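This report refers to the structure that appears directly beneath it.
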Amino acid sequence: MARGRVRGRPHHLEVPAVTDHPVDPADDASAEAPASGSATDASAAAPAGESKLDEIVATRRAKVAALRDAGIEPYPVRFRPTATLAEVRDAYPDLEPDAETGDVVTVAGRLVAKREMGKLRFLVLREDGIDLQLFCPVKALDDASRDLLGHLDVGDWVGATGEVMASKKGELSVKPATLTLLGKGLRPLPDKWHGLTDTEARFRQREVDLVVNPEARRVFEVRSAVLRALRAEMDERGFVEVETPMLHPIPGGAMAKPFVTHHNALDTDLFLRIAPELYLKRLIAGGMRRVYEINRNFRNEGMSTRHNPEFTMLESYAAYDDYHDVMDLTEALLQRAATEAIGTLELSYQGRPVSLAGPFRRASLLELTREASGHAELDYDLPIEDLRAICDEHEVASDDAFGPGKLVLELFEKLVEPNLWDPTFVIDYPIEVSPLARRHRSEPHVTERFELIATGREYANAFSELIDPADQRERFEAQARAKAAGDEEAMVLDEPYLRAMELGLPPTGGLGVGVDRVVMLLADVANIRDVILFPTLRPERT
RNA sequence: GCGCCGCUAGCUCAAUUGGCAGAGCAUCCGGCUCUUAACCGGCAGGUUCGGGGUUCGAGUCCCUGGCGGCGCACCA
């Protein structure tokens with residue numbers, strides 16, 4: 001049994017053999033309670049039914065107990081590093097091999113690699129994605145640290161105080177005089193070379209993904225920079241950031257299926273918001289000149305590489321602006337985000353170049369659809385049978401309930417949108433499919449609405465807002481008829497919103513930007529789940 | 001929701017036509033004072049996602065369920 005590396009010291013640490021302390025995963029306390037049975041060596045077979053993982057966890061729990069017995073707290077209350085690993089790296093960019101600085105620092109991080117060379121140990125700490133080596137001759141440590149060293153595992157949180165130096169090979173290192181355990185890890189880290197590749201495990205255990213996969217960390221750093229840039233741009237333009245309800249009595253502001261929930265005290269159903277639009281416009285009615293909100297929307301619809309049930313939208317409303325102003329704003333937002341998150345407007349997305357240099361092309365939905373369909377005569381007042389014929393020709397499903405606007409939109413979405421790679425403002429959407437947008441100032445059949453399309457998908461949706469309450473009421477009524485005809489996503493008439501409109505709205509430019517998709521574009525990732533820390537998954541079965 | 005593909009040790013992956021489930025890393029034991037995917041030697045580790053079936057014999061074939069990925073549909 002006496003096989004610990006450290007012997008003959010007052011507090012020498014013996015790790016009890018695993019089989020002396022079978023651990024019931026459901027009962028932490030059992031780790032302390034010796035079970036009956038012979039004292040077998042830790043290398044002996046684990047008890048029946050115990051997996052390798054159980055064995056590793058049990059061994060580490062035993063180390064926790066042994067450390068406590070030796071007076072070392074495995075989960076201490078506080079630690080004060082004098083420098084981050086990044087600061088140490090920045091302060092000593094090019095030490096000569098074998099250099100000694102005489103500078104003593106205290107650093108901390110997760111132990112991610114342990115290389116043993118006789119009485120010399122190389123420990124690699126990682127903090128915020130930055131690695132730093134501890135050059136660690138056992139002799140240089142005080143007694144307590146030496147005891148601890150023998151019971152450190154990859155995955156533990158470790159603090160170290162010592163001199164900054166460089167190894168013979170020139171690797172910047174800290175040579176610790178003391179080591180401090182900051183938090184014992186019980187579970188093993190994935191393969192140090194391959195990392196964690198199983199996508200399901202990466203999403204379900206994002207914390208592990210973040211420890212071992214630098215790419216995961218990089219994506220979320222881009223995401224953070226994008227959010228910062230968007231807020232900075234909005235703030236500088238005089239927009240006030242607000243927070244409107246997530247719990248809506250009436251789902252509105254978009255055509256989408258909501259999640260339903262129930263409030264017990266009120267005994268009423270509420271809907272998770274599908275869009276903040278109506279509340280934000282009520283703020284404009286209330287005299288807030290420029291507002292924006294960055295927050296989650298929830299839509300109870302299909303999931304895909306581009307759709308998560310909860311997703312982040314930037315929505316903004318600006319009094320006096322029209323959709324041309326909003327296009328300028330949208331372009332500036334994307335450019336600011338790209339510049340600050342990745343430092344360039346010339347991107348590569350999934351192997352193809354994309355330029356955000358601008359100005360982005362502006363083209364009408366009808367024109368683009370005419371070109372793509374090969375029907376120059378395509379128009380909203382064509383006989384419905386002719387429109388259906390064109391849809392059939394291009395294998396676009398045309399429901400009997402669809403009017404001309406919806407049919408043209410279907411054609412656009414099939415023929416044009418997937419093929420628009422460079423950023424394009426597609427303008428002037430049909431009235432029929434735009435119940436909250438203002439009628440075009442000169443064109444019949446369409447609204448002053450645009451979507452920003454790039455890389456074959458939508459990034460933003462915006463319009464000169466509808467501010468005429470009588471027109472709005474008619475549009476809601478048209479939606480109600482569509483709903484009655486079976487359109488599940490048609491909007492519900494929102495009387496409190498109409499009342500707000502009747503208070504009076506100034507001309508208003510409104511915008512919605514899919515933030516997750518912007519992050520996908522800038523971070524060059526194909527799956528929306530890679531830009532959401534904890535994407536929606538089916539619950540794990542236990 | 002539909003279609004296709006995947007699921008083997010803690011991690012990354014093998015396993016011939018249906019014929020004894022293996023390797024590397026990690027763990028555990030021993031050795032080593034300049035490593036950095038350390039190395040050398042040794043021990044151990046499996047409900048091959050669950051259930052059922054075919055077969056002398058199933059990781060492999062069939063049915064069924066679970067979870068995931070991709071595509072379609074829907075949306076942003």
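Values in this document were obtained by computation on a predicted structure and should not be read as measured data. Letters A, B, ... mirror the listed sequences (proteins, then strands); counts begin at 1.
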Taking only N/O atoms, report every protein-nucleotides 69-74 of chain B pair under 3.5 Å with atom names and distance.
residue, atom, partner, partner atom, Å
B:G69, OP1, A:Arg529, NH1, 2.1
B:G69, OP2, A:Arg529, NH1, 2.7
B:C70, OP1, A:Asn527, ND2, 2.6
B:C74, O2', A:Glu489, OE2, 3.1

So which protein N/O to nucleotides 23-25 of chain B N/O distances come out below 3.5 Å?
residue, atom, partner, partner atom, Å
B:G24, N2, A:Asp191, OD2, 2.8

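Among the atoms of the strands shown, base atoms are found under 4.0 Å from some heavy atom of A:Leu120. A:Asn300 comes within contact range of no nucleotide atom at all, as no heavy-atom separation falls under 4.0 Å. Within the 4.0 angstrom heavy-atom criterion, only backbone atoms of the sugar-phosphate kind lie near A:Glu458; the bases stay farther away. Residue A:Gly118 is in base contact, counting any heavy-atom pair closer than 4.0 Å across all strands shown. Here A:Asp198 lies in heavy-atom contact (under 4.0 Å) with sugar-phosphate atoms only.
In summary, A:Lys414 and A:Glu410 do not engage in a salt bridge, as defined by a charged side-chain N under 4.0 Å from a carboxylate O. Comment: A:Arg89 engages A:Glu171 in a salt bridge, judged by a side-chain N to carboxylate O separation of less than 4.0 angstrom. In summary, A:Lys406 and A:Glu432 do not engage in a salt bridge, as defined by a charged side-chain N under 4.0 Å from a carboxylate O. Salt-bridge formation is detected for the pair A:Lys184/A:Asp153: a Lys NZ or Arg NE/NH1/NH2 atom is positioned less than 4.0 Å from an Asp or Glu carboxylate oxygen.
Taking a centre distance below 5.5 Å and an interplanar angle below 30 degrees as the stacking criterion, A:Phe311 stacks against the six-membered base ring of B:A76.
Nearest to the side chain of A:Met117, among B:C32, B:A76, B:C11, sits B:C32.
Of the N and O atoms on the side chains of A:Thr244 and A:Arg273, at least one donor lies less than 3.5 Å from an acceptor on the other residue.
Residue A:Arg538 places at least one side-chain N or O closer than 4.0 Å to OP1 or OP2 of B:G68. For the pair A:Thr59 and B:C28, the criterion of a side-chain N or O lying under 4.0 Å from OP1 or OP2 is not met. Note on A:Arg204: a side-chain N or O is less than 4.0 Å away from OP1 or OP2 of B:G68.
To the nearest angstrom, P of B:A76 lies 8 Å from CZ of A:Arg517. For A:Asn295 and B:A76, the CG to P distance is 18 Å, given to the nearest whole Å. Whole-Å rounding puts the A:Asp98 CG to B:C34 P distance at 12 Å. Rounded to an integer number of Å, the gap from A:Leu123 CG to B:U33 C1' is 14 Å.
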Mind running salt bridge (Lys or Arg N to Asp or Glu O under 4.0 Å) on A:Glu310 and A:Arg296 for me, showing each step along the way?
CA-CA 6 Å; A:Glu310 54 178 308; A:Arg296 234 66 66 78; 2.6 Å; yes
Working note: A:Asp156 + A:Lys63, criterion side-chain contact (heavy atoms from CB on, under 4.5 Å); need CA distance, chi angles, decisive distance, verdict.
CA-CA 12 Å; A:Asp156 293 348; A:Lys63 288 181 182 177; over 6 Å; no
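Both key distances under 3.5 Å define a Watson-Crick or G-U pair, and stretches of 3 or more such consecutive pairs in RNA chain B run B:1-7 with B:66-72, B:10-13 with B:22-25, B:28-31 with B:39-42, B:49-53 with B:61-65.
A cation-pi arrangement is found for A:Arg449 relative to A:Tyr429, the charged atom lying closer than 6.0 Å to the ring centre and inside a 45° cone about the ring normal.
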